[in-house]
Amino acid sequence: MEIASKYSPNATEDKWYKYWMDKGFFKSVPDEREPYTIVIPPPNVTGVLHMGHMLNNTIQDILIRRARMMGKNACWVPGTDHASIATEAKVVNRLKTQGIDKSDLSRDEFLSHAWNWTEEHGGIILEQLKKLGASCDWDRTCFTLDEPRSKAVIDTFVALYEKDLIYRGIRMVNWDPEALTAVSDEEVVYKEVHSKLYYLQYQIEGEEEFVTIATTRPETILGDTAVCINPNDERFAHLRGKRVLVPLVNRSIPIIEDEYVDMEFGTGCLKITPAHDINDYEIGMRHNLESIDILNDNGTLSEKAGLFVGKDRFVVREEIIPELEKAGNLLKVENYDNKVGCSERTGAVIEPKLSTQWFLKMSDMAKVALDAVMNDEVKFHPAKFKNVYRHWMENVKDWCISRQLYWGHRIPVFYLESGDFVVASTIEEAVEKAKAKTGSDALTTADLSQEEDVLDTWASSWLWPMSVFDGFNPENNEVDYYYPTNDLVTGHDIIFFWVARMIMAGYEFKGTFPFRNVYFTGMVRDKQGRKMSKQLGNSPDPLDLMATYGADGVRVGMLLCSPAGGDLLFDESLPEQGRNFANKIWNAFRLVKGWDIDNSIEQPEYAKQAISWFDAKLDQTIEIVNDHFSKYRISDALMTVYTVFWQEFSSWYLEAIKPAYQQPLDGATYKATVEFFDKMLRLLHPFMPFLTEEIWQTLEGRKEGESIMVSDMPVAKPLNADLLDKFEIMKEAVGGIRTIRKEKNIAMKDALKLDVLGGENYAADFDAVLVKMANISEKTMVSEKTEGAVSFMARTNEYFVPMDGMIDVEAELEKLRKDLAHQEGFLKGVMKKLGNERFVGSAPEAVVAKERQKQADAEAKIKTLTESIARLEK
RNA sequence: GGGCGAUUAGCUCAGUUGGUUUAGAGCACUUGGUUUACACCCAAGGGGUCGGGGGUUCGACUCCCUCAUCGCCCA
């Protein structure tokens with residue numbers, strides 16, 4: 001069989017994905033096995049696959065594939081969320097290109113456009129995940145706006161309302177003037193901007209005196225209803241009880257006193273605009289001030305402003321300045337850097353706005369959810385996010401859950417003509433409740449009108465770990481099998497949006513945590529540490545990457561730079577490294593499959609030795625990998641297997657057993673090698689599913705329906721550490737000989753003699769491997785130093801390569817002296833410790849014993865080196 | 001302004017209750033190599049006063065304080 005010298009992922013990936021799908025390997029149904037569950041962080045329907053998804057889903061797939069191979073009933077539930085604001089914005093834009101205005105459509109008409117859009121785009125990202133090898137149970141694919149998920153959202157709203165956790169109130173909210181909706185605190189991102197600080201003078205009523213305030217938003221003076229000073233500020237004592245005139249409109253407003261005012265900032269005098277600033281609003285409440293809302297929903301000035309009506313607030317900011325100057329109210333303008341809240345979705349500058357919204361009380365739920373994380377019932381990886389989480393939870397504010405949009409779950413509140421309302425899952429139930437409430441049996445559905453607002457998308461996402469299993473349907477008990485789920489893998493940027501709220505919902509509705517572990521990934525950045533964004537064009541297309549380096553290569557590349565929680569600096573050299581690794585495995589396979597097997601020949605000694613060693617090496621590897629996974633050090637786990645495959649298996653084991661050119665391999669060695677290879681592949685499978693399947697299928701004859709992905713993960717036998725250590729000494733010796741070859745320019749094909757002056761514990765266990773790997777023609781144990789030889793040490797053993805007098809004495813001496821100096825320095829350090837009575841007295845016995853061993857080894861080495869030097873100096 | 005975290009090799013990072021040879025990995029670098037599995041490779045090698053200073057301890061990359069620099073979150 002001819003095997004190509006390069007692995008081609010493109011030829012194999014689709015084939016095996018289809019095979020896995022056809023065999024139903026991704027499917028999970030409850031059975032007697034222990035479940036292992038992950039719910040996907042639902043990407044939103046507007047999205048396409050980006051590097052963050054690649055990282056996230058690679059990790060999830062690794063966890064789920066490994067769990068499956070460890071005998072768990074692994075279930076990874078995929079799905080998407082409906083992303084209210086983002087999707088509605090996209091649909092509105094598309095309609096615009098078709099000449100349709102949203103306001104021309106009825107709610108139902110708009111929704112049918114939105115559903116069409118979702119049909120077209122919603123599945124794209126999930127299809128892309130298949131390219132990555134994601135082993136999701138696709139039959140379970142969910143959408144936050146589908147029937148069971150919607151029912152869950154509505155029913156929980158009703159339940160929370162009935163528990164008095166949901167209320168309606170007039171409050172200051174973050175208003176997105178572009179999306180025309182309120183957004184939650186978490187959806188506001190603060191951006192540093194260069195702006196200006198305007199100093200404006202307000203005339204004191206009835207006097208020719210002025211008072212100066214500083215503001216970054218001069219247009220809002222039209223909504224001013226007070227000027228505020230600090231009661232402790234003596235500079236303004238003379239202003240107490242007076243009134244001032246708002247520039248341009250000459251409205252008379254009071255001067256009030258409140259300790260909120262920072263005497264150091266600006267002029268120490270603050271204008272108060274209760275309708276357009278959260279702090280001003282609170283001051284206004286304290287002082288019973290009037291609120292003048294000068295903005296329309298779209299950010300233009302309203303009739304109440306009196307001036308500039310209909311113009312955008314930013315236009316007015318420009319235009320009002322010359323007017324103020326003309327009127328003599330502008331004192332000066334300074335450059336000023338401040339942070340401005342912008343909508344996470346539309347980028348529009350958020351306007352604090354008073355409006356009627358629905359809120360969910362957070363304090364009780366937050367308490368439970370905080371405890372769960374602080375006592376590690378839900379474990380965070382890395383744990384440092386516990387602090388961030390605690391800080392948020394301790395300062396949590398009620399969650400504004402209503403959005404003034406069409407695309408989403410419509411709030412199940414039904415109003416009567418009186419303005420009174422009932423909360424019910426369906427309009428039929430609402431009628432019954434309304435009847436009971438009003439005592440009027442004549443009420444029908446026609447008398448009720450449903451709340452126009454929809455719910456925040458996260459109000460459906462927070463139920464996800466339950467709702468994907470139809471967990472709110474009393475007739476479905478599947479949720480009892482899969483819930484709580486095991487691991488959640490997500491970016492740390494949505495710790496509050498999503499993780500915290502899922503934990504709240506889990507305890508609220510199921511009485512327990514939604515997942516046992518949360519693995520936070522970092523943000524994928526470019527090589528220079530910049531966030532990947534469309535604008536910068538610094539984000540590679542994942543599909544292109546996979547086409548170039550293979551899905552396995554990209555998966556490896558993602559992990560190579562991704563410690564948990566830390567940002568990862570992505571560079572194309574990483575998937576390239578992944579591809580190279582895939583090729584390395586491929587070529588090891590090519591080597592093994594290329595040998596002729598002869599069962600009649602005897603197994604060479606070197607092969608027996610190498611097999612005994614690698615068997616132990618595998619045990620050690622399995623243990624280390626298990627340990628890494630238990631601590632969610634996934635990139636370390638990969639790195640372990642990577643190094644063992646490349647260095648230990650390929651460079652040591654395979655080279656050690658390799659028969660001479662065109663010679664056959666004995667059957668016993670072949671059998672052992674295939675077993676090792678098989679185990680290595682299984683350890684690698686979660687990381688590199690496609691390549692490992694391709695090789696595994698041809699490594700030995702497989703039956704139809706078999707697959708590495710449903711094979712067992714190897715388990716470790718008790719570790720033979722002594723054997724491993726002896727092999728390491730042998731490696732050092734081989735390394736020493738190779739160095740000599742390099743220094744003396746002796747080609748590998750020229751065999752060398754080797755004399756060994758063994759130390760106390762010289763073990764010959766791997767001599768046959770040593771002889772082969774270093775190409776030694778004759779190895780002799782000696783009891784005295786060999787004359788005319790180049791020497792080196794490995795541990796306390798001294799090795800001599802006879803050179804027929806062709807040695808450079810000076811160079812040898814230099815090498816030996818350097819080594820001696822190092823050993824002496826080292827010994828000095830050891831002796832310093834051992835000479836300290838307090839160390840010997842108070843350190844644990846094992847530590848002291850270790851130091852004594854170091855001392856003995858160093859002394860032995862020093863003795864040997866000193867003798868060698870003396871001999872050469874003669 | 002409040003809080004959290006980081007600083008270890010040229011780069012990206014490990015370093016696990018303070019003790020495993022005066023610090024490890026991958027990449028990059030240097031030198032040599034057409035040894036027929038692999039140049040997407042092989043072999044050998046160089047490179048770090050663990051951000052500065054102070055302290056605790058028999059012993060500090062590890063714990064404490066302080067300074068500097070950077071990052072993140074929140075307001």
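Values reported hereafter were calculated over all heavy atoms of this structure, with side chains retained and with hydrogens, waters and symmetry mates removed. Proteins come first, then strands; the chains are lettered A, B, ... in the order of their sequence lines, and each starts at number 1.
Here the P atom of nucleotide B:A43 and the CE atom of A:Met773 are 8 Å apart, to the nearest Å. In this structure, the CG atom of A:Asn587 is 14 Å from the P atom of B:U36, given to the nearest Å. Atom-to-atom, CD of A:Glu851 to C1' of B:U22 comes out at 11 Å; the value is rounded to the nearest Å. Distance CG (A:Asn775) to P (B:A44): 15 Å, rounded to an integer number of Å. Distance, A:His391 NE2 to B:G5 P: 12 Å, rounded to whole Å. Spacing between atom CZ of A:Arg390 and atom P of B:G3 amounts to 12 Å, rounded to whole angstrom units. In this entry the distance linking NZ of A:Lys744 with C1' of B:G32 reads 16 Å, nearest Å. Between A:Leu638 atom CG and B:C13 atom P the separation is 17 Å, expressed in whole Å.
Contact annotation: A:Tyr661 side-chain N/O to B:A37 OP1/OP2 distance is not under 4.0 Å. Side-chain N/O atoms of A:Asn387 include one lying less than 4.0 angstrom from OP1 or OP2 on B:G5. For A:Lys6 and B:A37, the shortest distance from a side-chain N or O to OP1 or OP2 is not below 4.0 Å. Side-chain nitrogen and oxygen atoms of A:Arg579 include none within less than 4.0 Å of the OP1 or OP2 phosphate oxygen of B:C40. Between A:Ser650 and the phosphate of B:A37, there is no side-chain N or O to OP1/OP2 separation shorter than 4.0 Å. When the side-chain nitrogen and oxygen atoms of A:Lys584 are compared with OP1 and OP2 of B:C42, one or more of them lie within a distance under 4.0 Å. For B:U21, neither phosphate oxygen OP1 nor OP2 lies less than 4.0 angstrom from any side-chain nitrogen or oxygen of A:Lys850. Note on A:Asn580: every side-chain N or O is 4.0 Å or more away from OP1 and OP2 of B:C38. Considering only side-chain N and O atoms, A:Ser635 lies nowhere under 4.0 angstrom from the phosphate OP1 or OP2 of B:C13. Of the side-chain N and O atoms in A:Trp646, one or more sit less than 4.0 angstrom from OP1 or OP2 of B:C42.
Taking a 6.0 Å sphere around CE of A:Met285, one finds it holds 12 or fewer heavy atoms contributed by other residues, nucleotides or ligands. More than 12 heavy atoms of other residues, nucleotides or ligands shown are found within 6.0 angstrom of NZ on A:Lys815. More than 12 non-hydrogen atoms from other residues, nucleotides or ligands lie less than 6.0 angstrom from CD of A:Glu394.
For the residue pair A:Gln647 and A:Tyr642, no side-chain donor N or O sits within less than 3.5 Å of a side-chain acceptor on the partner.
Residue A:Ala588 places its side chain closer to B:A37 than to any other of B:C27, B:C40, B:A37. Across B:A44, B:G26, B:C38, the shortest atom-to-atom separation from the side chain of A:Gln577 is found for B:G26. Residue A:Arg525 places its side chain closer to B:C72 than to any other of B:C27, B:C72, B:C38.
Using cut-offs of 30° and 60° on the angle between ring planes, the pair A:Tyr7 and A:Trp586 is tilted.
Taking 3.5 Å as the limit, the base of B:A37 and the side chain of A:Glu655 contain a donor-acceptor pair of atoms between them.
The base-pairing partner of B:U69, taking Watson-Crick or G-U wobble contacts with both distances under 3.5 Å, is B:A6.
When the options A:Arg555, A:Gln577, A:Glu572, A:Arg579 are evaluated for a side chain to side chain donor-acceptor pair (under 3.5 Å) with A:Tyr549, the one that passes is A:Glu572. Of the residues A:Val801, A:Leu816, A:Thr864, the one that meets the side-chain contact (heavy atoms from CB on, under 4.5 Å) test with A:Ser791 is A:Leu816.
With respect to A:Lys861 and A:Asp857, no salt bridge is recorded, no charged nitrogen being found less than 4.0 Å from a carboxylate O.
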Note to self: Checking A:Glu351 against A:Arg217 for the salt bridge (charged side-chain N to carboxylate O under 4.0 Å, His left out) test, could you report, in this order, the C-alpha distance in whole Å, the side-chain angles of both residues, the deciding distance, and whether it holds?
What the structure shows: CA-CA 12 Å; A:Glu351 290 297 336; A:Arg217 306 193 55 190; 2.9 Å; yes
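Residue order along RNA chain B, read from the 5' end via each residue's closest nucleotide, puts A:Asp636 first among A:Asp636 and A:Glu824. Two residues, A:Asn279 and A:Tyr7, neighbour RNA chain B, and the one matched to the more 5' nucleotide by heavy-atom proximity is A:Tyr7.
Heavy-atom distances under 4.0 Å link RNA chain B to A:Lys854 of residues 852-860 of chain A, given in residue order.
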